[in-house]
Amino acid sequence: MVRIAETCLNVLYQHGLSSAQFQFCFERAKHDLLANDMACDAIVAEVMQSMDDHPDAATLFGLLLAEARMGIENDSPYGKAFLENAEKAIKVRIATGTGEPLHRLKIAGLYRRAGLPVPDILMLDPVGGNPADEIPLPDLDGALAALAADVEAEGGGAYEFFSGLDEMSAGMPEDAKAAFVHHLLSLDNPFLERCALYWLVSGASLTREAVAAGLRERLMRGKLGPETLSYLPIIRGWLPASSGRAVIDDIGKLALRQGLAADPHNNRAEPIVSDIMATTADGVGAQGLTIVGRLQAQTFVAMILLKTGYGIKDAFVIRCRSKREATNIVSYARQEANSVRIDRMTAELLLEAALADGIENGHPPAPGFIDVMEACSLNQLRPQERDLQALLDHVDPQKEIQNATAAQLDRMLRNEPALDALVPFTDSWFEDTGETRGIIQGSRSARTVEKRIWAFLEGRRDIWARRFLQTAIILKSAKKERLSKALAAAAFALMHKHPLQDIPLVEDIVVTTLDAGGGSLW
């Protein structure tokens with residue numbers, strides 16, 4: 001086995017996934033593991049033998065799949081290469097008879113958990129491959145009961161049950177999965193109606209159609225809960241036009257005729273939200289929201305990841321056993337990234353804008369966002385696209401920046417105390433794309449590199465203006481008015497074609513981009 005992969009696996013085996021020793025080892029090794037085809041082949045070989053006998057190899061492979069997915073999203077070179085190497089290695093092992101069908105289903109689940117499409121070679125009936133494998137499927141009722149027992153034993157709920165089912169079915173062809181999900185909705189397991197909502201958000205078109213049909217059948221049998229019914233019009237607004245959405249509309253009409261459209265939340269205790277924190281967006285437009293609250297004597301922490309172009313990328317609710325557990329989670333979140341306390345109105349603005357951003361780019365919110373909406377009483381949120389001018393008006397309602405003279409604007413842009421105080425929030429702001437890497441690696445002189453990076457940023461004015469304004473809104477809510485004003489002024493300058501070289505925040509982005517790419521000016 002390649003030494004670097006062997007070292008990582010040994011540290012993982014000795015110290016565990018959450019240990020500082022493994023985290024340090026993985027951070028140092030992950031880029032080499034992603035780039036090295038021999039290391040990839042060695043890890044896949046371990047995983048393909050048996051995930052049950054080699055759980056650490058499966059864990060490491062899953063981590064690398066997640067890193068590869070992030071690499072692809074962020075236009076980094078290593079993501080695609082690793083996935084190609086992994087698929088080649090899997091094909092070789094399957095061709096030699098390694099990897100039983102049920103075992104391959106488990107590997108497909110690792111891809112699903114990482115948010116990646118499952119390679120055809122791992123599907124039960126791969127496209128263009130041999131006829132469908134004959135697989136001794138386990139008893140369905142027994143498998144569901146065992147999964148539910150495992151989830152409940154670990155303190156989980158419907159979302160964890162859904163995640164288990166989603167990973168179990170990751171290797172099914174879409175028509176088979178749609179039939180599987182439709183059958184599940186005919187069962188009486190208490191988790192399944194909520195799972196149906198998760199599948200509506202996250203499933204492919206055939207699965208959505210099957211879910212919608214299953215929910216309609218439950219309604220006709222008098223088995224559709226009012227809470228599930230109340231979420232359907234909300235989710236309907238997140239979905240593209242399709243036959244599945246048409247069935248959801250039909251469910252709404254049938255429910256109205258039957259008098260079943262009453263709000264189920266009228267008699268429920270409202271959550272008490274005690275704290276909302278937000279990180280500022282990093283260089284690829286990712287930022288986090290953390291909401292702490294209490295509902296029916298139980299403390300919860302809602303975690304939400306927003307990302308430009310993807311909207312609400314991830315969301316889930318942690319139901320804490322004690323206030324101390326919630327405090328520990330929040331403290332960890334604060335240590336991991338610069339976060340500030342914001343008000344509810346600002347959080348709602350960010351979430352509505354993220355919903356619109358994701359839907360516009362073909363990405364409904366993460367399924368766990370349904371739980372966040374419920375826990376934090378956010379059911380009134382709807383996608384709200386906000387252009388740059390709307391964001392600027394929000395952060396500059398008195399138009400102090402927009403009506404400033406050229407000299408006043410220049411002073412705002414060059415407010416050194418504010419710029420220095422912004423560093424912890426903006427030090428991850430730089431460009432790392434295929435184009436910028438090509439510029440840095442393909443230019444012979446530092447002067448040429450710098451000139452080309454400035455020219456590249458000229459075409460990125462709107463992107464950075466939006467990032468400046470989103471951060472300004474967060475910092476204004478956090479009572480950091482001076483910092484918010486400096487960011488809003490820079491955004492205004494970008495929007496109105498102010499020379500880039502006269503905007504210090506953009507100059508910082510250029511310098512950091514060159515440093516990160518190995519093309520420093522110094």
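What's counted below: heavy atoms across the whole structure, side chains too, no hydrogens, waters or symmetry copies. Residue numbers count from 1 along this sequence. In this text, all values refer to a predicted model and were calculated from it rather than measured experimentally.
Around CZ of Arg324, the count of heavy atoms belonging to other residues, nucleotides or ligands within 6.0 Å does not exceed 12. Annotation for Arg382: atom CZ counts as buried by contact number, over 12 foreign heavy atoms lying within 6.0 Å.
In this model, a donor atom of one side chain and an acceptor atom of the other lie less than 3.5 Å apart for Glu348 and Gln380. The closest side-chain donor-acceptor pair between His182 and Glu217 falls under 3.5 angstrom. Between the side chains of Glu193 and Thr228, at least one donor N or O sits under 3.5 Å from an acceptor N or O.
Arg194 and Ile370 make their closest contact through NH1-CG2, 3.8 Å (heavy atoms, listed as atom of the first residue, atom of the second, distance). Between Tyr111 and Ala86, the shortest heavy-atom contact is OH-CB, 3.8 Å. Considering all non-hydrogen atoms of both residues, Gly311 and Asp357 come closest at N-OD2, 3.9 Å. Closest non-hydrogen pair, Leu215 versus Leu232, comes out as CD1-CD2, 3.9 Å. When all heavy atoms are compared, the tightest approach of Cys376 to Phe300 is SG-CE1, 3.7 Å. What you find for Ile43 and Ala57 is that their closest heavy atoms are CG2-O, 4.0 Å.
Using a 4.0 Å cut-off between charged side-chain N and carboxylate O, Asp41 and Arg93 make a salt bridge. A salt bridge is defined here as a Lys NZ or Arg NE, NH1 or NH2 lying under 4.0 Å from an Asp or Glu carboxylate O, and Glu84 with Lys88 fails to meet this definition.
Put simply, the side chain of Arg69 never gets that close to the backbone of Gly115: no donor and acceptor are under 3.5 Å apart. Without hydrogens or angle criteria, His15 side chain to Ala20 main chain gives no donor-acceptor distance under 3.5 Å. In this structure, Arg208 contributes its side chain and Val201 its backbone to a donor-acceptor pair below 3.5 Å. Of the possible polar contacts, none joining the Asn361 side chain to the His363 backbone as a donor-acceptor pair under 3.5 Å is found. With hydrogens and angles ignored, the 3.5 Å screen pairs no side-chain donor or acceptor of Trp199 with any backbone N or O of Ala210. Side-chain atoms of Asn74 come within 3.5 Å of backbone N or O of Met70 as a donor-acceptor pair. Looking only at distances, no side-chain donor or acceptor of Thr299 sits under 3.5 Å from a matching main-chain atom of Ala326. Between the side chain of Asp371 and the backbone N or O of Phe316, no donor-acceptor pair lies under 3.5 Å. Listed for the Arg216 side chain is no donor-acceptor partner under 3.5 Å among the backbone atoms of Ile251. Of the possible donor and acceptor atoms, one in the side chain of Arg294 sits under 3.5 Å from a partner among the backbone N and O of Ala297.
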Residue pair Cys320, Ile318: steps toward the side-chain contact (heavy atoms from CB on, under 4.5 Å) verdict
CA-CA 6 Å; Cys320 305; Ile318 304 170; 4.3 Å; yes

Could you walk me through whether Phe430 and Thr436 pass the side-chain contact (heavy atoms from CB on, under 4.5 Å) test, one step at a time?
CA-CA 10 Å; Phe430 61 94; Thr436 58; over 6 Å; no

Verify side-chain hydrogen bond (donor to acceptor under 3.5 Å, both in side chains) between Gln287 and Thr279, making sure each step is shown before the conclusion.
CA-CA 5 Å; Gln287 66 183 131; Thr279 65; 5.2 Å; no

I'd like to know whether Leu110 forms a side-chain contact (heavy atoms from CB on, under 4.5 Å) with Leu65, so could you lay out the CA-CA distance, the side-chain angles of the two residues, the decisive distance to 0.1 Å, and finally the verdict.
CA-CA 8 Å; Leu110 294 178; Leu65 288 174; 4.1 Å; yes

Could you walk me through whether Ile235 and Leu197 satisfy the side-chain contact (heavy atoms from CB on, under 4.5 Å) test, starting with their C-alpha distance in whole Å, then the side-chain angles of each, then the deciding distance to 0.1 Å, before giving a yes or no?
CA-CA 8 Å; Ile235 294 172; Leu197 298 181; 3.8 Å; yes

Ring pair (Phe, Tyr, Trp, His ring centres under 6.0 Å) evaluation trace for Phe162 with Phe191:
CA-CA 8 Å; Phe162 159 77; Phe191 287 149; over 10 Å; no

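When side chains are defined from C-beta on, Phe61 counts as touching Ile107, because their heavy atoms get closer than 4.5 Å. When side chains are defined from C-beta on, Val284 does not count as touching Thr308, because their heavy atoms never get closer than 4.5 Å. With a 4.5 Å cut-off on side-chain heavy atoms, Gln14 and Gln21 do not count as touching. Residues Cys40 and Val44 have side chains in contact (heavy-atom distance under 4.5 Å, counting atoms from C-beta outward). Side chains of Tyr231 and Asn379 form a contact here, defined as non-hydrogen atoms less than 4.5 Å apart. At a threshold of 4.5 Å between non-hydrogen side-chain atoms, the residues Leu355 and Phe369 count as touching. The side-chain heavy atoms of Leu306 and Leu351, taken from C-beta on, include a pair separated by under 4.5 Å. Contact of the Leu34 side chain with the Leu64 side chain is registered, since non-hydrogen atoms from C-beta on lie closer than 4.5 Å.
Note that CE of Met220 and CG of Leu254 are 6.0 Å apart. Values are rounded to the nearest 0.5 Å. Distance check: Ile304 CD1 to Met373 CE gives 10.5 Å after rounding to the nearest 0.5 Å. To the nearest 0.5 Å, the span separating CD1 on Ile276 from CD1 on Ile291 amounts to 5.0 Å. The CD atom of Gln49 lies 8.5 Å from the NE2 atom of His103; values are rounded to the nearest 0.5 Å. Taken from CG in Leu63 to CG in Leu33, the straight-line distance is 10.5 Å, to the nearest 0.5 Å. To the nearest 0.5 angstrom, Asp427 atom CG is 8.5 Å from Thr280 atom OG1.
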Review item, side-chain donor-acceptor pairs of residues 75-83, under 3.5 Å, at least two apart:
residue : atom : partner : partner atom : Å
Asp75   : OD2  : Gly434  : N            : 2.6

With a cut-off of 3.5 Å and sequence neighbours excluded, list every side-chain donor-acceptor pair involving residues 167-178.
residue : atom : partner : partner atom : Å
Glu167  : OE1  : Arg113  : NE           : 3.2
Glu167  : OE1  : Arg113  : NH2          : 2.8
Glu167  : OE2  : Arg113  : NE           : 3.0
Ser169  : OG   : Leu165  : O            : 2.9
Ser169  : OG   : Asp166  : O            : 3.4
Glu174  : OE2  : Thr207  : OG1          : 2.2
Lys177  : NZ   : Asp166  : OD1          : 2.8

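Applying the salt bridge (charged side-chain N to carboxylate O under 4.0 Å, His left out) rule to Glu160 yields no partners; only residues at least two apart in sequence or on another chain are considered.
For Tyr198 and Tyr159, the distance between ring centers is under 6.0 angstrom.
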